[in-house]
Amino acid sequence: MSQDRFAPFESQLDEAGALQVLRDATVGAEDGELFLERRRSEALVFDDGRIKTASYDASEGFGLRAVKGEVAGYAHSTEISESALKRAAETARLAVGDGGGVMAPPPVGTNRRLYGDADPMADAPFAAKIDILREIDAFTRGLDRRVVQVSASMAASLQEVFILRPEGGLVSDIRPMARLNISVIVEENGRRESGGHGGGGRFGRSGLIEAAHWQPVAREALRIALVNLVAEPAPAGQFDVVLGPGWPGVLLHEAVGHGLEGDFNRKKSSAFAGLMGQQVAAKGVTVLDDGTIPDRRGSISVDDEGTPSARNVLIEDGILVGFMQDRQNARLMGVAPTGNGRRESFAHAPMPRMTNTYMLGGDTDPGAILADLKDGIYAVGFGGGQVDITNGKFVFSCTEAYRVKNGIIGAPVKGATLIGDGPTAMRQIRAIGNDMALDPGIGNCGKAGQWVPVGVGQPTLMIGGLTVGGSAA
């Protein structure tokens, strides 16, 4: 770890003085905290034979929050000083009004650390990173004569946070992140198609820039591009669909996961509102949100309110048994926080967010699931998607998919979109594979203008009766 550590209570604030300001701001409130953060990040993109982007960003600041009932006062600043903190406290205090609230119990403590000491911002010199990207470009172009363009990107960040609570508790966390991605464009007979692959997690960059890692990534990106080069137009209509393991869990994340966040259910704007304890998915379907998996992109030792992350069961054997909660929504719903209070940065207030959301595996061999698909689509990769939280309706585009008839995988198809709604899709799951896998570490989740890193996962699944949008007659 770099010796240049973030130490706001040594160089910028007196801890006792900051605690007194926080306590003054939260007198008569039900919750609140002081969140301090420093973040450093960089991104390098080698595109079409040259460096296209080389950026470095550094920011630090604090956010102070006072909560009473459904109202939260929040103020933030990029200046970490006593005067800025006092100004923020005056603003946050407005949410408390005349007071009368009783402070919620503090988060339980933990010494758990889910990620190592590697500093991805300092584990490779700049020139070496550029050389690796050049090597990736040359290697990928040499794999196939049809490669006409290669883009390789490398990103890293280090987030350091301190969370001070009104009762005096102080929690800290140092969160590394690294990622490597390769995309390829191929051309043959005037037709161009693309493919991409990559990933990362909460660790240093050293493992990602080893040839033993990035060469298979380059080959996989090329494979996907070549598959798309011979893909036929996707059919349109209603089909049974088999989803591959791993990244296709993004459909579960969007179509179901958001609907299981506490705030949407408290406000009754989720398609799952009022269904606690009821059958909401096929038997055998168990869905979890687990922020405790070491080194995963969506994992957090503690959330952004200081609550330790947890392995939370949301749907068990098809029955809805839990929601993801931050402290405010948990208190208002009369349940315990689940370690899902997350924020993009010090400039944002926390809200219930996913970490690593996935479905447990079943006991069926994936080959048997495909063999049982009489006329449908086998979807292996997904791109963008949209979902309406209120009814769970989703539209997802496939980046790699195949036509299947009588259990035989046929030609790849392009332009396929999957259309349906989460609650119905969960009830129409007909088979669950024994090959549960997590994604390679590429997920970002947007909600209310905030973005946080997440993970997804699932086994091979067969879902009956999804609408497939395509262009084939």
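Hydrogens, waters and symmetry mates play no part in the numbers below; they use all other heavy atoms, side chains included.
A salt bridge links E70 to R266: at least one charged side-chain nitrogen sits closer than 4.0 Å to a carboxylate oxygen.
Contact check for R331 versus D31: side-chain heavy atoms found under the 4.5 Å cut-off. Residues V456 and Y358 form no side-chain contact, since every pair of their non-hydrogen atoms from C-beta on lies 4.5 Å or further apart. Side-chain atoms of Q458 and L438, non-hydrogen and from C-beta on, never get closer than 4.5 Å to each other. Using a 4.5 Å cut-off on side-chain heavy atoms (C-beta onward), L180 and V217 make no contact. Using a 4.5 Å heavy-atom cutoff, the side chains of F162 and F35 are not in contact. Counting only heavy atoms from C-beta outward, the side chains of R205 and E42 approach each other to under 4.5 Å. The shortest side-chain heavy-atom distance between V171 and P107 does not fall under the 4.5 Å cut-off. Looking only at side-chain heavy atoms (C-beta outward), V184 and Q149 stay at 4.5 Å or farther from each other.
Judged by distance alone, the side chains of N356 and R297 never bring a donor and an acceptor atom under 3.5 Å apart. Looking only at atom types and distance, the side chain of R353 has no donor-acceptor partner in the side chain of N340 under 3.5 Å away. In the model, T355 has a side-chain atom that pairs as donor or acceptor with a side-chain atom of D289 under 3.5 Å. D303 and S309 share no side-chain donor-acceptor pair at under 3.5 Å. Side-chain atoms of E261 and H258 include a donor-acceptor pair closer than 3.5 Å.
Between the side chain of Q279 and the backbone N or O of A281, at least one donor-acceptor pair lies under 3.5 Å. The main-chain N or O of F203 is never found under 3.5 Å from a side-chain atom of D295 such that the two would form a donor-acceptor pair. A donor-acceptor pair is defined here as one N or O able to donate and one able to accept, closer than 3.5 Å; such a pair exists between the side chain of E160 and the backbone of F6. In this structure a side-chain-to-backbone donor-acceptor pair under 3.5 Å is present from S270 to G259. The closest donor-acceptor contact from the side chain of K52 to the backbone of L44 lies at 3.5 Å or more, if one exists at all. Judged by distance alone, the side chain of R165 and the main-chain N or O of E33 form no donor-acceptor pair under 3.5 Å.
In plain terms, the two heavy atoms of P412 and Y402 that are nearest each other are CA-CD2, 3.6 Å. When all heavy atoms of A211 and P216 are compared, the pair lying nearest together is O-CD, 3.8 Å. The heavy-atom pair separating I432 from G362 by the smallest distance is CG2-N, 3.3 Å. Nearest heavy atoms, P453 versus R202: CG-NH2, 3.8 Å. The heavy-atom pair separating T110 from S301 by the smallest distance is CG2-O, 4.5 Å.
Counting non-hydrogen atoms of neighbouring residues, nucleotides and ligands closer than 6.0 angstrom, the NZ atom of K393 reaches no more than 12 such neighbours. Residue D363 places its CG atom among 12 or fewer non-hydrogen atoms of other residues, nucleotides or ligands, all under 6.0 Å distant.
Cation-pi check for K129 over F46 is not met; the charged atom does not lie both under 6.0 angstrom from the ring centroid and within 45 degrees of its normal.
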